[in-house]
Amino acid sequence: MATGTDQVVGLGLVAVSLIIFTYYTAWVILLMEEVGRLGLGARQGKQDTPELFPRCQPFIDSQHVIHKYFLPRAYAVAIPLAAGLLLLLFVGLFISYVMLKTKRVTKKAQ
């Protein structure tokens, strides 16, 4: 059974996760930039080919004051990528530590 402290810590972690998810969703989806022609022909200089995607309009104008509370869009990929790599690094270090510690204990037992 979880104690009161465990429940408070769990609630805090859920609240922080919800805040981060909401911020990231607003950053990536609501503040998206206008996308030009993405058709294959447009990259090759042919303008008569149909677009693969219609022109996306941002939900919030690029001159709106809310944009000053968000980082540039390039960080929307870089930050989660760096966080994922750090997570993998720490998981690998933890597994290595546990395996080495177990190996030492078994050597002492023999």
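Side chains are part of it too, since the values below use all heavy atoms of this structure and drop only hydrogens, waters and symmetry mates.
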Asks: Could you tell me if the side chain of Ile66 sits less than 4.5 Å from the side chain of Leu30, heavy atoms only?
Replies: no
Asks: If we ignore hydrogens and angles and just use 3.5 Å, is the side chain of Trp27 paired with the main-chain N or O of Leu71 as donor and acceptor?
Replies: yes
Asks: Hey, what else clusters with Leu85 if you join Ile, Leu, Val, Met, Phe, Trp, Tyr whenever side-chain heavy atoms sit under 4.5 Å?
Replies: Leu81
Asks: Using 0.5 Å steps for rounding, measure from the CZ atom of Arg73 to the CG atom of Leu31.
Replies: 8.0 Å
Asks: Pair up each side-chain donor or acceptor in residues 12-25 with any protein partner under 3.5 Å, not counting sequence neighbours, and list the distances.
Replies:
from	atom 1	to	atom 2	distance (Å)
Ser17	OG	Leu13	O	2.9
Thr22	OG1	Leu18	O	2.8
Tyr23	OH	Tyr69	O	3.0
Tyr24	OH	Ala76	O	2.7
Thr25	OG1	Phe21	O	2.7

Asks: Out of curiosity, Leu93 CG to Tyr97 OH, how far, rounded to the nearest 0.5 Å?
Replies: 12.0 Å
Asks: With a cutoff of under 4.5 Å between side-chain heavy atoms, which Ile, Leu, Val, Met, Phe, Trp and Tyr residues group with Leu100?
Replies: none
